[in-house]
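Reviewing the structure listed below.
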Amino acid sequence: MRTATAVGLLWAYLSLGLSAGIVHTVDKVALPAALAFTPQKILVGLNATMFVRLLKDTGLGDYIDGTQPARKLTLLVPNNRAMEDAFGYDLGDEDDSLAKSPRDRQREWALYHVADGQSGVAELRRSPLLRTKLAADWTAGNPQVVKALVDRAQVSFNGADNILPEPLVVGNTTIYLLSSPMPTPPSLISALIQDLDLSLFVAAMGASHVVDEIQREHGITVLAPVTGSFTSLGLVWAYLSLPGDSDARADLSRLVKSHILNRPVYSDEVPLHTDSSAKTLMVQTLNGNNVGLYRTAHGMFAVPDQQSGAVPGALTLALAQARMQGGKYRSLLSVADANTLKISETDILLRTGVAHVLGQGLILPANVEITSSKLLRGMRAHIFADLLERFNLTYVLEDPRIPAAAAAAAATSIVENAITARSSRSREIPDGDDEGSDGNGIVGYSLLVPSDKSWRENAAYRELVRRDHDELTVGDDENPWRNSTTGDIVHYLDMLVRLHVMPIIDTSASRPTHGVPESKLMLADRKTYPTLLGNVKLRVYEFANDRFSIQLDNLPFYQSPGGTPFVSFATVVRSGYARSGAVFELDTALRLPPDDESGGPGGWKRFAWNSLVWITGIGMGSGLLGVSGYWVRQWWTRSDYQSL
């Protein structure tokens, strides 16, 4: 500290005792050798007397009285006006209003303004986090942190500006004078709710009934996903957010806990990756899985352990076909370098620790098993699930490489095939894909699922429901399936369901023993996919960014000119990805190919009617042609006659 500044503050301190007398100005001041500056004297000279009194009243006077000169400290001192804003009292008031606040709260507030070590502006620019003397049970003994922001020469602490041109240094103590109060860090919910982009994570903590448990934890780090990371999960989030579903709530609680580390980790504690070092700090979560943290020149990153999965936000899981540079797919449910989650904002201070914001993506722990059945529940596709069970196709909801499940599914399918009245079919449905094993390269199944509303609009399904309940459907007397046999209806719906199931085939020798490669899960533009309906294939078109439509392959929207228009086209609304397949929600159900519609309303009656229409048309056309020919001949013959 410059001598002139020291003398000025000393004079400010000494002048407090002058009540009367004469003041003379001199050119040079002689300082007594026994005169010693202390932080307390400097604070009085700065008119920060209320802060001095607060430290003394709370038993912290030794931080400023100079009794421990070797101790290095940084004091963040609010001026008297800031203290009035914080505690609402005036220094000259005889009534000591500080006593109205709890004594321990005053002490916490004071300790939070005393930091270990000396930090000048240059040091704050390199390391902006200050460890204070405030350490308690709620931080598991770890010191609370103050976050500094250096903008050129201007310094602020937790948003409170330093009003001195430069910090004052007294021995081993550095002093900053603040223009506004600096409250202690807020609770977890109070801190996160200030950012609307984290509101869905806060809602997830509440919906999973773990918010109280997390707030009771002492010394934690929160990796908070943004709202877009949840909504991009599509049907996965639809399942996790199901109200009143105990399985969904349990899975959501595990997912939330996998983002809570069991100790506070600030950004300056995370190792920096360099050419000579690639160390990663591994920390366990409240869910039991581990998360690695490291820094590079591009920021801070989180990497789940190999038992968990990172769901990168760049995939946009709702309707995803995202790729990395070079045209490769990013990993979906496995861990790789591409799964590293970038932290967009670091060091949000909490009363019980610290929070970091995951800019994209979230962590899917290994103990959250997302299955196709759960995705159907999230979509509320109850009718499609019931039809799968009715036609013994539930094996498509499981991993086909699990021997026991595959064997049971195959046995059940064989029994059902023997019972079903297939004799009424005009074309047999091959059973090669029904075995549910990977002997033919099948590693999973993707489902194209129309909504329950679409199924209720299907005349065949309505008629089947009417017969199951043995009741008449009001306003449905003209249902074209009313005169069809139950076997025809069941056969038609069975084929229709099979049309909406796409086996995932991977014949490569390096295919995984469990799970499905992400490149097999996602839809691709102008690519064809097999179905369980024999040789019928579907073709996918990407008509907008990550927006897909599906139609029958090698079949135009309309038949030949003059024929009956035929349309079998659907758009993907939402999607979700499980470990053994994907579920795509369609805006409407696909139609069976024309040659499969022989199982449609009326069966042989429809064939007879079509034949009668063709014969009648040909007969009437032939008769009209004959009459026209006769009339032309008569006219031509008469044209050669002459009048007599």
Side-chain angles (χ1 to χ4, degrees), residues 186-212 214-215 220-243 245 248-261 285-287 291 299-304 308-322 330 332-333 339-350 353-365 368 370 374-375 378-380 544-547 572-577 583 585:
S187 65
L188 170 64
I189 299 301
S190 299
L192 297 186
I193 203 65
Q194 297 178 32
D195 187 348
L196 291 179
D197 214 16
L198 303 179
S199 58
L200 205 51
F201 180 63
V202 175
M205 286 191 290
S208 58
H209 298 176
V210 297
V211 61
D212 293 334
I214 294 174
Q215 291 199 109
I220 59 174
T221 299
V222 180
L223 301 178
V226 296
T227 296
S229 298
F230 287 100
T231 57
S232 66
L233 291 175
L235 294 177
V236 176
W237 174 243
Y239 158 70
L240 292 173
S241 59
L242 278 176
D245 191 307
R249 184 169 60 249
D251 285 338
L252 183 59
S253 67
R254 287 189 282 265
L255 185 144
V256 169
K257 288 182 179 179
S258 69
H259 293 80
I260 312 297
L261 310 186
T285 70
L286 298 184
N287 181 59
V291 176
M300 183 170 158
F301 300 88
V303 183
S308 301
V311 183
L315 282 169
T316 312
L317 292 180
L319 294 165
Q321 194 197 13
R330 295 189 64 172
L332 193 74
L333 297 174
N339 290 69
T340 301
L341 305 177
K342 190 176 190 308
I343 295 175
S344 61
E345 183 180 354
T346 62
D347 302 315
I348 299 176
L349 304 180
L350 310 174
V354 65
H356 308 293
V357 177
L358 298 177
Q360 286 185 332
L362 48 78
I363 300 169
L364 185 68
V368 175
I370 301 299
K374 292 180 178 179
L375 296 181
M379 182 184 161
R380 293 179 172 83
N545 186 27
D546 292 335
R547 297 298 307 273
V572 176
V573 179
R574 291 184 298 174
S575 62
Y577 299 90
V583 174
E585 180 181 354

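Computed over heavy atoms, backbone and side chain alike; hydrogens, waters and symmetry mates excluded. These numbers were taken from a predicted model, which means no experiment stands behind them.
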Donor-acceptor contacts under 3.5 Å from residues 193-203 side chains, at least two apart:
from   : atom 1 : to     : atom 2 : distance (Å)
Gln194 : NE2    : Ser190 : O      : 3.1
Asp195 : OD1    : Asp197 : N      : 3.0
Ser199 : OG     : Leu196 : O      : 2.7

**OP:** Report the C-alpha separation of Ile260 and Thr221 in whole Å, then their side-chain angles, then the decisive distance to 0.1 Å, and conclude whether the side chain to side chain contact (heavy atoms under 4.5 Å, CB included) test is met.
**Re:** CA-CA 6 Å; Ile260 312 297; Thr221 299; over 6 Å; no
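- Contact of the Leu252 side chain with the Trp237 side chain is registered, since non-hydrogen atoms from C-beta on lie closer than 4.5 Å.
- Taking each heavy atom of Gly361 and Ser229 in turn, the nearest pair found is N-OG, 2.9 Å.
- When side chains are defined from C-beta on, Leu242 counts as touching Arg380, because their heavy atoms get closer than 4.5 Å.
- Remark: Thr285 OG1 to Arg254 CZ distance equals 12.5 Å, nearest 0.5 Å.
- A pairwise comparison of heavy atoms in Arg249 and Ser208 identifies CG-CA, 3.8 Å as the closest pair.
- Although no hydrogens or angles enter the test, the distance criterion places a donor-acceptor pair under 3.5 Å between the side chain of His259 and the main chain of Ile363.
- Note that CG of Leu261 and CG of Asn287 are 11.5 Å apart. Values are rounded to the nearest 0.5 Å.
- Residues Ile214 and Val256 meet the side-chain proximity criterion, which asks for heavy atoms closer than 4.5 Å.
- Contact between Lys257 and Val210 at its shortest, heavy atoms only, is CE-CG1, 3.9 Å.
- Between Val226 and Leu358 there is no side-chain heavy-atom pair separated by less than 4.5 Å.
- Closest heavy-atom contact between Leu188 and Leu350: CD1-CD1, 3.8 Å.
- Of all the heavy atoms in Ser258 and Val291, the pair that sits closest is O-CG2, 4.2 Å.
- Within the model, atoms NZ of Lys374 and CG of Asp251 stand 4.0 Å from one another, a figure rounded to the nearest 0.5 Å.
- Looking at every heavy atom in both residues, Phe230 comes nearest to Pro225 through CE1-CB, 3.8 Å.
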**OP:** I would like to know whether Leu341 and Gln360 meet side chain to side chain contact (heavy atoms under 4.5 Å, CB included); could you show each step before the answer?
**Re:** CA-CA 7 Å; Leu341 305 177; Gln360 286 185 332; over 6 Å; no
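- The line from CG of Leu362 to CG of Leu233 is 5.0 Å long, rounded to the nearest 0.5 Å.
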